[in-house]
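Encoded as structure tokens, the structure appears first; notes follow it.
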Amino acid sequence: MNVEERIQELKAERKAIILAHNYQPPEIQDLADFVGDSLGLSQQAASTDAEVIIFCGVDFMAESAKILSPQKKVILPDAEAMCPMAAMCTDVELAPIKERYPEAAVVAYVNTSAAVKTLADVCCTSSNAVKVVGSIPQKRIIFVPDRNLGAYVQRFHPDKEILLWPGYCPTHHDITVGEVMEIKGKHPQAKLIVHPECTPEVIDLADHVSSTEGMIKYVRSSEAEEFIVGTEMDMTYRLSKVCPGKRYYPIPSAVCPNMKRIDGPSLLKALETLSPEIELSPETIEAARRPLERMMEIGRGD
Ligand code: 13P
Ligand code: SF4
């Protein structure tokens, strides 16, 4: 029996579901029951009746799954798969800022630890950040941790004052205008689609800005045949699976090494051992659930 067959067998035995983010390596996307963006994965985690969630992504995503489904076992196959942007904002750093601006709402991108979420009024993903900020009454907002996403949201809400945390995603932040222009030069007919974690300068060049799942929607409805995909490069694999027959050009430098830590053997080991398991205190789960559920009520925005 090969690794794939053993994974399918164990998955049934364990009553497990395999969730994978759009940035996971192709072999993991092919093995998953559901592949999607951060919001779609949270929705799946909240609604599944599986007993075990094997989360192929990074730490904050698996934590969100645990918060939304605390009675389930949530396994992150590689304990070191961590989002460096989420690590750029801690609860210890955020607490005094929140105190300094008591009238402000704290909007936490899901790319934050469970501890940071306990201090938030509401969470958002890249799909619904603009909608979430528009839905809250406060004029002043402490937006953590992605300064690029926060600045993008500010464009849609000139009436609000968004205080930007100095965090960023290295994978997206390091995509340069020069790199993008070079690919555009080679493929002049291609539409440029970019993720809002990119810098404002790169966003300004784009034909379309959205979450990874929003990119699928755009590509499906577009008459264009070619797309430059301004996000983590394995998104092109997902696009080629769900929308074949079009051409997708990745940004070769845009690799998230943390998303690549999970492979077939580590996924198999996770199913065999049901570890490493996400563990959070009941108090943290309780306090972090409110802002996540508030976000889920608002739903998809792109
Ligand atoms: P989405 O899943 O919202 O598209 O965001 C991408 C991302 O960087 C997650 O780490
Ligand atoms: Fe974090 Fe960026 Fe990797 Fe997403 S792509 S997990 S935001 S480092």
Side-chain angles (χ1 to χ4, degrees), residues 19-25 28-29 32 34-45 55-65 76-89 107-113 116 123-132 143-150 152-153 165-175 193-199 202-203 206 208-219 229-239 242 250-251 253-262 292 295-296 298-302:
L19 304 182
H21 189 267
N22 286 325
Y23 299 159
Q24 284 291 293
I28 298 296
Q29 293 195 29
F34 177 86
V35 185
D37 69 352
S38 305
L39 185 65
L41 291 164
S42 296
Q43 288 165 336
Q44 287 292 320
F55 209 110
C56 299
V58 290
D59 53 356
F60 73 83
M61 296 178 176
E63 280 190 356
S64 296
L76 179 65
D78 187 315
E80 302 295 308
M82 294 187 285
C83 171
M85 170 159 70
M88 290 177 192
C89 176
V107 177
Y109 193 23
V110 282
N111 301 41
T112 43
S113 67
V116 166
C123 290
C124 70
T125 75
S126 62
S127 163
N128 60 15
V130 172
K131 199 172 167 189
V132 164
F143 191 95
V144 298
D146 187 5
R147 68 177 192 239
N148 289 330
L149 180 62
Y152 179 68
V153 171
W165 195 265
Y168 59 91
C169 160
T171 305
H172 288 90
H173 190 75
D174 290 352
I175 298 174
I193 55 181
V194 313
H195 196 277
E197 288 174 13
C198 291
T199 61
V202 168
I203 286 177
H208 178 73
V209 183
S210 72
S211 71
T212 50
E213 215 56 28
M215 289 178 182
I216 294 175
K217 204 164 136 196
Y218 174 78
V219 163
V229 183
T231 189
E232 212 279 341
M233 65 176 298
D234 275 332
M235 185 61 202
T236 55
Y237 180 73
R238 171 97 166 114
L239 284 164
V242 294
I251 311 281
S253 67
V255 176
C256 173
N258 289 281
M259 283 283 183
K260 310 300 170 210
R261 294 189 70 97
I262 299 168
L292 264 179
M295 170 190 87
M296 305 281 278
I298 293 165
R300 192 161 282 285
D302 63 1

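When a ligand or atom number is given, it counts from 1 through the structure's own listing order.
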**Message:** I need the nearest protein heavy-atom contact for atom 3 (Fe) of ligand 2: residue, atom name and distance, please.
**Reply:** C256 SG, 2.4 Å
**Item:** ligand 1 atoms in contact with D37 (distance to a heavy atom under 4.0 Å)
**Value:** 1 (P), 2 (O), 4 (O)
**Fill in**
The atoms of ligand 1 lying under 4.0 Å from a heavy atom of S211, numbered in the order shown, are 4 (O)
**Prompt:** Would you say K131 has more than 12 foreign heavy atoms packed within less than 6.0 Å of its NZ?
**Reply:** yes
**Complete:** Closest non-hydrogen atoms of D302 and S210, given as atom of the first, atom of the second and distance, are OD2-CB, 3.4 Å
**Asked** What do you reckon, does H172 have a nitrogen or oxygen under 3.5 Å from a nitrogen or oxygen of ligand 1?
**Response** no
**Message:** Evaluate H195 for polar contact with ligand 1, using N/O atom pairs at a separation under 3.5 Å.
**Reply:** yes
**Element-labelled atoms of ligand 1 that are located less than 4.0 Å from some non-hydrogen atom of E197** = 7 (C), 8 (O)
**Request:** Output the list of atoms in ligand 1 that are nearer than 4.0 Å to some heavy atom of T212, sorted by atom number.
**Result:** 1 (P), 2 (O), 4 (O)
**Message:** Within the 4.0 Å heavy-atom shell around M61, which atoms of ligand 1 are there?
**Reply:** 9 (C), 10 (O)
**Message:** With heavy-atom distances below 4.5 Å as the criterion, would you say the side chains of S126 and Y152 are in contact?
**Reply:** no
**Prompt:** Does D37 pair with R300 as a salt bridge, N-O distance under 4.0 Å?
**Reply:** yes
**Message:** Checking contacts here: is it the side chain or the backbone of E197 that comes within 4.0 Å of ligand 2, counting heavy atoms only? Could be both or neither.
**Reply:** side chain
**Complete:** Closest heavy-atom pair, D146 versus Y168, reported as atoms and distance to 0.1 Å, is OD1-CA, 3.9 Å
**Request:** Provide the number and element of each atom of ligand 2 under 4.0 Å from a heavy atom of V58.
**Result:** 6 (S)
**Prompt:** Do ligand 1 and H21 have nitrogen or oxygen atoms that lie under 3.5 Å from each other?
**Reply:** yes
**Prompt:** Should the proximity of N111 to ligand 1, defined as any heavy atom under 4.0 Å, be assigned to the side chain, the backbone, both, or neither?
**Reply:** side chain
**Prompt:** Considering only heavy atoms of Y23, which atoms of ligand 2 have at least one such atom less than 4.0 Å away?
**Reply:** 5 (S)
**Request:** List every atom of ligand 1 that sits less than 4.0 Å from any heavy atom of S126, numbering the atoms from 1 in the order shown and giving each element.
**Result:** 1 (P), 3 (O), 4 (O), 5 (O)
**Request:** May I ask you to list the atoms of ligand 2 that are less than 4.0 angstrom from any heavy atom of P84?
**Result:** 8 (S)
**Message:** In this structure, does ligand 2 have an atom that sits under 4.0 Å from one of the heavy atoms of N258?
**Reply:** no
**Asked** Nearest protein heavy atom to atom 2 (Fe) of ligand 2, by residue and atom, and its distance?
**Response** C169 SG, 2.3 Å
**Prompt:** Given side chains that start at C-beta, do those of M215 and T231 come closer than 4.5 Å, heavy atoms only?
**Reply:** yes
**Request:** Using side chain to side chain donor-acceptor pair (under 3.5 Å) as the criterion, point out the one residue from Q29, K260, Q24 that pairs with D234.
**Result:** K260
**Asked** At what distance is the nearest protein heavy atom to atom 7 (S) of ligand 2, and which residue and atom is it?
**Response** N111 ND2, 3.2 Å
**Request:** Please find out if atom 2 (Fe) of ligand 2 and some N, O or S atom of C83 are separated by less than 2.8 Å.
**Result:** no
**Message:** Counting only nitrogen or oxygen atoms and a 3.5 angstrom limit, does E213 reach ligand 1?
**Reply:** no
**Prompt:** Would you say the side chain of V35 lies within less than 4.5 Å of the side chain of N22, judging by non-hydrogen atoms?
**Reply:** yes
**Message:** Counting neighbours of OH on Y237 that are heavy atoms of other residues, nucleotides or ligands and sit closer than 6.0 Å, is the number greater than 12?
**Reply:** yes
**Message:** Within ligand 2, which atoms have a heavy atom of M85 less than 4.0 Å away?
**Reply:** 7 (S)
**Message:** Any carboxylate oxygen within less than 4.0 angstrom of a Lys/Arg side-chain nitrogen, looking at E232 and R238?
**Reply:** no
**Asked** Just how far is it from atom OG of S127 to atom CD of E213, taken to the nearest 0.5 Å?
**Response** 9.0 Å
**Asked** So, the side chain of N258 versus the backbone of M82: is there a donor-acceptor pair under 3.5 Å, distance only?
**Response** yes
**Message:** For a quick test of reading the model, state the closest non-hydrogen atom pair linking P196 to S211 and the distance between them.
**Reply:** CD-N, 4.3 Å
